[in-house]
Amino acid sequence: MGKILVIAEHRNGKLSEGTLELCKVAKEIASATGNTPAAAVFAKDDSIAKELAQYIPEVLSAVDAKFEYYTADAYSQAIRAVVEGNDVKGVVIAHSYDGVDFAGKTAMAIGAGIVSGVNKFEAKDGKVIFTRNIFNGKLQEQRSAKTDKFVVTVEKGAWDKEPSGSAGAVNSVAVSVGEVRTKVKEVIETTKGAVDISQAKVIIAGGRGTKDADKYKATVIALAQKLNGEYGASRAVVDAGWTDHARQIGQSGKTVSPDLYIGVGISGAIQHVAGMKSAKCIVAVNKDPEAPIFNIATYGIVGDLFEVVPAMLEELNK
Ligand SMILES: Cc1cc2nc3c(=O)[nH]c(=O)nc-3n(C[C@H](O)[C@H](O)[C@H](O)COP(=O)(O)OP(=O)(O)OC[C@H]3O[C@@H](n4cnc5c(N)ncnc54)[C@H](O)[C@@H]3O)c2cc1C
């Protein structure tokens with residue numbers, strides 16, 4: 001019986017919420033494949049490992065000053081040492097900026113196949129087959145690693161969080177970290193002081209249809225300011241860096257229920273709708289009459305947002 005090993009994410013001494021989702025994934029894969037779930041924590045002390053033991057039966061804790069800040073070099077070396085010292089069958093990593101950064105390096109280091117950005121799995125004939133979205137969620141594909149071990153990165157929000165209640169063991173592991181070629185000089189929080197859009201009464205949300213950061217600002221943000229509301233975004237917009245994650249609405253973002261939600265250039269993917277379907281009045285602006293957002297809209301405007309939004313602003317200015 002081997003281990004399905006979660007790699008915990010933490011920052012500023014705080015365990016990430018996503019790691020609790022990974023605990024659930026590891027538990028499910030372990031139970032479907034006859035393995036055991038475990039997690040590895042690389043940190044400057046063992047306080048996070050102790051916290052994580054409430055969610056998973058075994059935590060392997062490696063303590064080193066080099067783990068104070070995340071670096072791909074330190075993490076991939078540490079994971080390699082843990083995998084070599086334990087019978088690890090699968091490594092479960094968050095599909096986050098950090099996770100994607102070290103997952104490939106880790107797969108190389110331990111000689112495992114990697115599947116990235118998964119949102120489902122099934123176990124068949126001893127193999128774990130993962131499902132992931134491709135072409136912006138329009139299609140799904142199934143993949144499995146050809147190697148005995150696998151590394152997988154898991155989409156945020158695809159699984160629920162594992163509830164606390166486990167009284168897991170914390171086992172120290174000795175890891176000697178060699179050269180780390182990245183030095184973290186400062187951590188700058190981009191979302192510091194960000195608003196909590198989940199409390200807003202009026203939300204204008206923009207999607208990929210707004211084309212770029214400047215046009216998103218000229219349409220979505222301008223309309224939000226005019227209506228004294230907040231602006232929000234689909235994940236496509238957040239991933240493109242046009243606004244920050246605190247404004248993402250949906251399964252892996254915020255759940256909102258404003259009196260008025262106006263979706264501009266948003267298709268209405270199921271993961272987005274999960275976060276806004278309880279809005280009292282939903283207005284959708286989309287040039288595609290078949291866009292799924294129209295299925296839940298109170299009012300639908302089929303048209304080019306670059307004509308519709310300026311017309312709305314002009315009326316409001318009057
Ligand atoms: C596990 C998981 C979690 C996810 N979590 C979230 C989440 O929390 N939130 C989220 O939003 N997504 C989430 N997604 C992604 C989701 O599946 C979609 O990919 C995403 O919502 C698409 O964003 P979009 O509607 O902006 O882009 P698209 O789907 O590309 O839609 C753009 C829309 O703009 C319209 N358009 C283009 N040009 C114009 C124009 N000039 N005028 C008017 N309309 C125009 C198009 O017709 C199209 O309908 C998640 C996916 C997964 C797998």
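Atoms within each ligand, like the ligands themselves, are counted from 1 in listed order.
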A student checking ligand 1 against Gly209 at a 4.0 Å heavy-atom cut-off should list atoms 32 (C), 34 (O), 36 (N), 37 (C), 38 (N), 39 (C)
Option passing side-chain contact (heavy atoms from CB on, under 4.5 Å) with Thr153 (candidates Val92, Val115, Leu22, Ile93)
Ile93
Which ligand 1 atoms, with their elements, are less than 4.0 angstrom from a heavy-atom of Gly250?
7 (C), 8 (O), 9 (N)
Charged N to carboxylate O under 4.0 angstrom, Arg235 versus Glu155?
yes
So do Glu9 and Tyr70 actually touch side chain to side chain, heavy atoms under 4.5 Å?
no
Taking only heavy atoms of Ala236, which atoms of ligand 1 are found under 4.0 Å from at least one of them?
23 (O), 26 (O)
Is it the case that ligand 1 has an N or O less than 3.5 angstrom from some N or O of Ala291?
no
Between Lys24 and Glu21 (salt bridge meaning N to carboxylate O under 4.0 Å), is one present in this structure?
no
Minimum heavy-atom distance between Val220 and Gly232, given as atom pair plus value:
CG1-O, 4.2 Å
Residues Asp98 and Ser96: side-chain donor-acceptor under 3.5 angstrom
no
For Trp242 versus Arg208, what's the shortest heavy-atom pair and its separation?
CH2-O, 4.0 Å
Relative to the heavy atoms of Gln251, which atoms of ligand 1 are at a distance of less than 4.0 Å?
1 (C), 7 (C), 8 (O)
Is any N or O atom of Leu305, backbone or side chain, closer than 3.5 Å to an N or O atom of ligand 1?
yes
Looking at Gln271, Met276, Glu155, Gln248, the heavy atom closest to atom 1 (C) of ligand 1 belongs to Glu155
Would you mind listing which atoms of ligand 1 come within a distance below 4.0 Å of any non-hydrogen atom of Gly253?
8 (O)
Report yes or no: does a heavy atom of Lys211 sit under 4.0 Å from some atom of ligand 1?
yes
Compute the shortest N/O to N/O distance between Gly265 and ligand 1 and return yes if it is under 3.5 Å, no if not.
yes
Any heavy-atom pair between the side chains of Gln140 and Lys120 that's under 4.5 Å?
yes
What atoms of ligand 1 come within less than 4.0 Å of a heavy atom belonging to Ser234?
11 (O), 23 (O), 24 (P), 26 (O)
Looking at Tyr231, is its backbone amide N or carbonyl O close enough to the side chain of Arg247 to form a donor-acceptor pair, meaning the two atoms are under 3.5 Å apart?
yes
Residue Phe306 vicinity, atoms of ligand 1 by number, heavy atom under 4.0 Å
41 (N)
Lys50 side chain reached by Val59 side chain, heavy atoms, under 4.5 Å
no
Any heavy atom of Val237 sitting closer than 4.0 Å to ligand 1?
no
Quick look: Asn133 vs ligand 1, heavy-atom contacts under 4.0 Å, and the answer is side chain
Residues which pass ring-ring contact (aromatic ring centres under 6.0 Å, His included) with Phe42, listed by chain and number, not counting sequence neighbours
Phe67, Tyr75
If you count the atoms of ligand 1 from 1 in the order shown, which ones are under 4.0 Å from a heavy atom of Gly303?
42 (N), 43 (C)
Side chain proximity check, Ile203 to Ile249, heavy atoms < 4.5 angstrom:
yes
contact_flag Gly206 ligand 1 heavy-atom lt 4.0 Å:
no
Considering Lys215, Lys287, Arg235, which one's heavy-atom position lies nearest to atom 3 (C) of ligand 1?
Arg235
His272, any N or O under 3.5 Å of ligand 1 N or O:
yes
Under 4.0 Å, heavy-atom basis, I'd like to know which part of Ala269 is in contact with ligand 1: side chain, backbone, both or neither.
side chain
